[in-house]
Amino acid sequence: FDDPPGLHEKTEFLLREWVNMYHSPAAGRDSTKAFSMFVGQMHQQGILKTDDLITRFFRLSTEMCVDLCYRALNEQTHSPTLIRAKCFHTLDAFVRLISLLVKHSGDSTNSVTKINLLNKVLGIVAGVLLQDHEVRNTEFQQLPYHRIFIMLFIELNAPEQVLDGINFQILTAFCNTFHILRPRKAPGFAYAWLELISHRVFIGRMLAITPQQRGWGMYAQLLIDLIKFLSPFLRNADLTKAAQLLYKGTLRVLLVLLHDFPEFLCDYHYLFCDVIPPNCIQMRNLILSAFPRNMRLPDPFTPNLKVDMLSDITHPPRIVTNFTNMIQPASFKKDLDSYLKSRAPVTFLSDLRSNLQVSNEPGTRYSIPLINALVLYVGTQAITYIHSKGQTPSMSTIAHSSHMDIFQNLAVDLDTEGRYLFLNAIANQLRYPNSHTHYFSCTLLYLFAEANTEAIQEQITRVLLERLIVNRPHPWGLLITFIELIKNPSFNFWNHEFVHCAPEIHKLFESVARSCT
Amino acid sequence: MVNDQFGMVGLLTFIRAAETDPNLVALAPGIDLTTLGLNLNSPENLYSTFQSPWADSPCRPQDIDFHVHSEYLTNIFIREKLAPIKLNRYGEDLLFFLFYMNNGDVLQLAAAVELYNRDWRYHKEDRVWITRAPGMDPSIKTNSYEKGTYYFWDAPSWRKVAKEFLLEYDKLEDRPHLPHTLHHNPNQ
Amino acid sequence: PLNKEHLYHLAMLDSSYHHLPHPSDSERLRHYLPRNPCPTAAYYPQL
């Protein structure tokens, strides 16, 4: 609003001027000669006089670049390659101008002005995108914005001295922008958005080059944004072609992370399990299958594998998320701690189910993050308690404790949906050899053995089986738990009616049993 | 037994539904993740050649922008001074290079056409280029096959290798053709 | 059931599905040897 009279014309003149200078042979190395002349023109036109004018100049320029792209995209006669060449001819010049202004704003040591200008410009481009997305609706096109973001990111991550000191702030600026433009805010930009966050330079910077893994938390947040967008469609299991493509693209990116950065998936699996719908089994298995690269997993099918003798089995996995905070309200957490400590108040157990139910979450009556956090919290407290007695988790040492009271109460008292989610929360801890995998594997088998109804045993079997029948990968902890369940006669597994409820199911068990023996 | 979606019957119902509803497949049995074009056994990291979430092959080397001095880049003005690309002026070695390095691109096809013009033939089954060894007539020749000594282009060792071979004519690719509607490229 | 917002998301996703970004959109313009994607025989080397 209220653009000063003549600013639009001035901006158009300057932008056209810059594009010509950028492409001229006299532009010089990295357009530096053209830039120093052009800054003079910007001064002359008074564009750099105030912060407000600079902001308006960038908004108008962005809108002009975008309009040019829409005109080119609407030229039916041109081939996609020609359209792109026309759009990129202007967009790449505009990106170069932005990156030069960012690099040369303030003196070379003043990183604050540089980062402030970058945040401003990224915010302006994001603002133009969101408005365009809202106005044009299904006519929205991602092309100009995708090009601006990726080429600006690549330019500002070039190995240049002026950038070395501000790499992390540059990364943070882009992550903030991509979070603002997350698929739930701009669904028409979702494909370009996933291209951007999975680009080799972006992944390299976020997960490999930035020291002390400082980019990991931000990257996890972006993946959570993506999974939250896909979640309603995955939960309904009814994926349109468009959603299937985005889902498949997500699996490709997760596979790259599983192969190159398994520790990243190990650290953040807790957060991902909170947002992945329970029926999205393969994606969850993929994340749970990650294990540290320096670890060698024993073959789960090794006959008479002594899990409790493995060196890694006593080490707790790294936890980088504060899952305890998820246990709300504070009064519930207080009663929980009190019960764990002294099995009082006794009402804690009978109130448990209502505390876990929510009404505002579409598609489920329970708070999955709360159930996941509760299970993890009680389990980690139990492991600490068992170790404090100089013992290690086993079918006997985990029994008869306030921790197991809670788990057995949940197994008995919850309805089938609640119990399914509770058992999933336990199965989500069955990963690579570590103390959590060990404890929760024993817990699941203990709940099976001590179950007072066959429904509990059936649901434990269902939770394990559905994770085994999907395509690979399968987490190591899941395999060793299931193998123990079907091989150890004390569980009397094969005599249950649900094992023979249908030919496919019986065949599945037999094929898994065969691969176990 | 549990008679809702949270027991064994629920799982069975979903499995059976997935057998008939293609939209469910992505979730029920899941996808064979080895078919997504990623070499999961690669000793190298995958992200540095990751092409795109929708691409089922990694980047070709020439697709990866590497930061080089701007003088190394072909500036739009230098471009006009460079000789146009004419495959019929290039040696076999370069033609094979263009063929193997440009999968899914018109250059691969153009190189195939030029190799065909030089009496190389692409064996569709063995996926190699083959040509007659000069002066070596086939020892057996019928109207469906012949036997003799031929030159193969051996890509791994990147040289011509002579070999005895039984050549079935129907396994050779016919003359390849460039697409009519070439994506005209203003820069080319 | 999907709510109104989810259905809007799907509609926008479906429309952008028809103009996906191309890998070359993330690469510098190639003035001399630009990509010219075209269908090649399945038996040609793909990698």
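Side-chain atoms are counted along with the backbone in the values below, which use heavy atoms only and exclude waters and symmetry mates.
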- With a 4.5 angstrom heavy-atom cut-off, could you sort out which part of Thr138(A) is near chain C: side chain, backbone, both or neither? both
- Query: Can you find a heavy atom in the side chain of Tyr8(C) that is under 4.5 Å from one in the side chain of Pro187(A)?
  - Reply: yes
- Task: Say whether, by atom type as modelled, one donor and one acceptor occur between the side chain of Arg84(A) and the main chain of Asp25(C) under 3.5 angstrom.
- Result: no
- Task: Supply the atom-to-atom distance Gln142(A) CD to Leu20(C) CG, rounded to the nearest 0.5 angstrom.
- Result: 8.0 Å
- Item | Heavy-atom contact with chain C under 4.5 Å, split by part of Arg200(A) | side chain
- Task: For atom CD of Gln131(A), decide whether the heavy atoms of other residues, nucleotides or ligands shown that lie under 6.0 angstrom number more than 12.
- Result: no
- Query: Can you tell me how far the NZ atom of Lys185(A) sits from the NE2 atom of His9(C), to the nearest 0.5 Å?
  - Reply: 8.0 Å
- Is it the backbone or the side chain of Ile154(A) that comes under 4.5 Å from a heavy atom of chain C, or both, or neither? side chain
- Under the side-chain contact (heavy atoms from CB on, under 4.5 Å) rule, what do Asn137(A) and Met12(C) come out as? Steps first, then yes or no, please. CA-CA 7 Å; Asn137(A) 209 315; Met12(C) 291 300 287; 3.2 Å; yes
- Query: Of the backbone (N, CA, C, O) and the side chain (C-beta and beyond), which part of Phe140(A) lies under 4.5 Å from a heavy atom of chain C, both, or neither?
  - Reply: both
- residues 91-100 of chain A: residues contacting chain C (heavy atom under 4.5 Å, by number): Asp92(A)
- Item | Donor-acceptor contact below 3.5 Å, side chain Glu5(C) vs main chain Arg184(A) | no
- Between atom NE2 of His22(C) and atom NE2 of His146(A), what is the distance when rounded to the nearest 0.5 Å? 11.5 Å
- Message: Can you tell me which of Glu195(A), Gln141(A), His199(A), Met151(A) forms the most heavy-atom pairs within a distance under 4.5 Å of chain C?
- Response: Gln141(A)
- Taking all atoms of both residues into account, what is the closest heavy-atom pair of Ser16(C) and Gly188(A), and its distance? CB-O, 3.3 Å
- Query: Does atom CD of Glu134(A) have more than 12 heavy-atom neighbours from other groups under 6.0 Å away?
  - Reply: no
- To the nearest 0.5 Å, atom CG of Leu13(C) lies from atom OH of Tyr191(A) at 4.0 Å
- Message: If I take atom CD1 from residue Ile150(A) and atom CZ from residue Arg28(C), how far apart are they, to the nearest 0.5 angstrom?
- Response: 12.0 Å
- Message: Under the rule for side-chain hydrogen bond (donor to acceptor under 3.5 Å, both in side chains), what residues qualify as partners of Asn279(A), not counting sequence neighbours?
- Response: none
- Task: Enumerate by number any residue of residues 65-74 of chain A whose heavy atoms lie under 4.5 Å from heavy atoms of chain C; in the absence of such residues, state 'none'.
- Result: none
- For Gln221(A), enumerate each residue passing the side-chain hydrogen bond (donor to acceptor under 3.5 Å, both in side chains) test, keeping only those at least two apart in sequence or located in another chain. Asp225(A)
- About how many Å separate OG of Ser24(C) and CZ of Phe88(A), when rounded to the nearest 0.5 Å? 6.0 Å
- Of all the heavy-atom pairs spanning Asp14(C) and Ala242(A), show the shortest one and how long it is. OD1-CB, 2.9 Å
